[in-house]
Student: 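Please read through the structure below; I'll follow up with questions.
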Amino acid sequence: MRKSVLIKILFVFCTVLSMSCSNDDGGKDTTSNEKSVLIKKITETVYFSDGSETSIMDFAYENKILKSVTTNTRYKTEFLYDGEKISKMNYFRDNVASGSAVFHYNGDLLSYIYSEGDPDEKTEYSYVNGILTSEKSGYMDENKYIIQRELSISSDNAKNITQIINKSSLTGSEIISKNNYFYDNKNHPMKFMNKYYRMVFVVEGFGGQTTNNVVSRESYYPVNNEVPEYYISEIIYNNDNFPVEIKKISKESNNVISKTVIEYQ
């Protein structure tokens with residue numbers, strides 16, 4: 001597999017963040033009469049047939065603006081801002097620079113992210129009336145953009161993603177799959193985080209692009225499979241209705257896929 005084909009893969013495998021910013025609110029989704037509830041730590045265990053793997057992400061802030069996230073003491077990403085917009089991510093492993101990614105915008109909308117590496121990679125975002133409708137990811141072969149994954153995204157009025165159709169050629173021939181998502185009406189863990197950071201953040205337990213929390217999922221793989229696989233989320237909330245634990249479970253086998261514990265400041 002190519003090194004971090006998708007920007008999101010960096011986050012799945014414990015990409016960490018560090019941000020510097022100018023005098024602004026860091027793009028937080030907040031209103032004047034709400035207090036900011038910020039993530040302090042995420043501890044996530046992913047279970048396999050022959051064992052498990054745990055990752056720990058520690059978040060640090062300055063004036064309620066995310067400054068850094070450290071994963072398993074080894075990985076760090078530094079973020080640069082242009083106003084509230086993330087302009088660049090610089091990656092480090094064991095305190096040694098290991099790559100970077102530059103954010104490009106069309107007005108206030110994130111247009112694409114270009115990641116330098118071997119090969120260089122690119123993720124493009126498309127919108128209708130300001131709502132994300134597609135995401136394309138791939139790598140550069142000289143000056144040619146080779147798309148390896150394309151997501152077609154549908155959302156509801158609450159800006160929760162209700163369906164993703166995934167065309168992927170990461171393993172060779174193209175495979176099309178489909179996921180349908182269903183939500184609670186509680187607070188998302190990243191409600192008050194930078195909105196551009198939310199667009200690229202994902203761990204096994206949750207992603208940052210939705211308003212509420214996924215409670216169940218129907219997965220069609222491949223897309224013409226008439227009988228989906230069902231997944232449910234068992235969520236424990238705190239007194240402010242923010243998740244503090246999310247378990248992803250296969251409904252058929254009752255196997256726990258992952259457990260994500262979230263601590264807040």
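Throughout, residue positions are numbered sequentially from 1 according to the sequence presented. In this text, all values refer to a predicted model and were calculated from it rather than measured experimentally.
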Student: Given 3.5 Å as the limit, does a donor-acceptor pair link the side chain of Thr162 with the main chain of Ser154, or not?
Tutor: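 Pair found, side chain donor or acceptor close to backbone of Ser154.
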
Student: Could you grab the distance from atom OH of Tyr196 to atom CG of Leu109, nearest 0.5 Å is fine?
Tutor: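 The OH atom of Tyr196 sits 7.0 Å away from the CG atom of Leu109.
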
Student: For Thr260 and Glu44, which I'm curious about, is there any donor-acceptor pair between the side chains at under 3.5 Å?
Tutor: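 Short answer, yes.
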
Student: Would you give the length of the straight line joining atom CD1 of Ile176 to atom OG of Ser169, rounded to the nearest 0.5 angstrom?
Tutor: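 Those atoms lie 11.0 Å apart.
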
Student: Just one of Tyr139, Tyr114, Tyr145 clears the side-chain hydrogen bond (donor to acceptor under 3.5 Å, both in side chains) bar with Asp120, so which one?
Tutor: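 So, applying the side-chain hydrogen bond (donor to acceptor under 3.5 Å, both in side chains) to Asp120 and each of Tyr139, Tyr114, Tyr145, only Tyr114 qualifies.
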
Student: Can you establish whether the number of heavy atoms outside Tyr221 located under 6.0 Å from its atom OH is more than 12?
Tutor: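 No, because the 6.0 Å sphere around OH of Tyr221 holds 12 heavy atoms or fewer from other groups.
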
Student: Are Tyr231 and Val214 in one and the same hydrophobic cluster, where Ile, Leu, Val, Met, Phe, Trp and Tyr link if side-chain heavy atoms are under 4.5 Å apart?
Tutor: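 No; tracing contacts between hydrophobic side chains, which count when under 4.5 Å, never links both residues.
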
Student: If hydrophobic clusters are built by linking Ile, Leu, Val, Met, Phe, Trp and Tyr wherever their side-chain heavy atoms come under 4.5 Å apart, do Met190 and Tyr61 end up in the same one?
Tutor: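 Met190 clusters together with Tyr61.
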
Student: Let me see the working for Phe206 and Ile235 under side-chain contact (heavy atoms from CB on, under 4.5 Å), right down to the final yes or no.
Tutor: CA-CA 11 Å; Phe206 66 95; Ile235 305 176; over 6 Å; no

Student: Same cluster or not: are Ile175 and Leu170 linked, directly or through other Ile, Leu, Val, Met, Phe, Trp or Tyr residues, by side-chain heavy atoms under 4.5 angstrom apart?
Tutor: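 As far as the 4.5 Å side-chain criterion goes, Leu170 and Ile175 are not connected within one cluster.
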
Student: Measuring from atom OG of Ser98 to atom CG of Asn95, what distance do you get when rounded to the nearest 0.5 angstrom?
Tutor: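 Separation between the atoms: 10.5 Å.
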
Student: Is there a side-chain contact between Met199 and Leu132 (heavy atoms, below 4.5 Å)?
Tutor: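 The answer is yes, as the side chains (C-beta and beyond) meet within the 4.5 Å cut-off.
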
Student: For Tyr237 and Asn213, which I'm curious about, is there any donor-acceptor pair between the side chains at under 3.5 Å?
Tutor: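 Tyr237 vs Asn213: no donor-acceptor pair found between side chains.
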
Student: Transitively linked via ILVMFWY side-chain contacts under 4.5 Å: Tyr183 with Val244?
Tutor: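 Tyr183 and Val244: one cluster.
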
Student: Check step by step if side-chain contact (heavy atoms from CB on, under 4.5 Å) holds for Phe201 and Asn194.
Tutor: CA-CA 10 Å; Phe201 180 88; Asn194 179 280; over 6 Å; no

Student: Please check if the number of heavy atoms outside Lys178 that lie under 6.0 Å from its NZ is greater than 12.
Tutor: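 Yes, enclosed.
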
Student: With a 6.0 Å cut-off on the ring centroids, do Tyr91 and Tyr75 count as close?
Tutor: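 That pair fails the under 6.0 Å test.
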
Student: Are the side chain of Asn72 and the backbone of Arg74 linked by a donor-acceptor contact shorter than 3.5 Å?
Tutor: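 Not a single qualifying donor-acceptor pair exists.
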
Student: Using a 4.5 Å cut-off on heavy atoms from C-beta on, say whether the side chain of Tyr264 contacts that of Pro243.
Tutor: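 Touching, per the 4.5 Å side-chain cut-off.
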
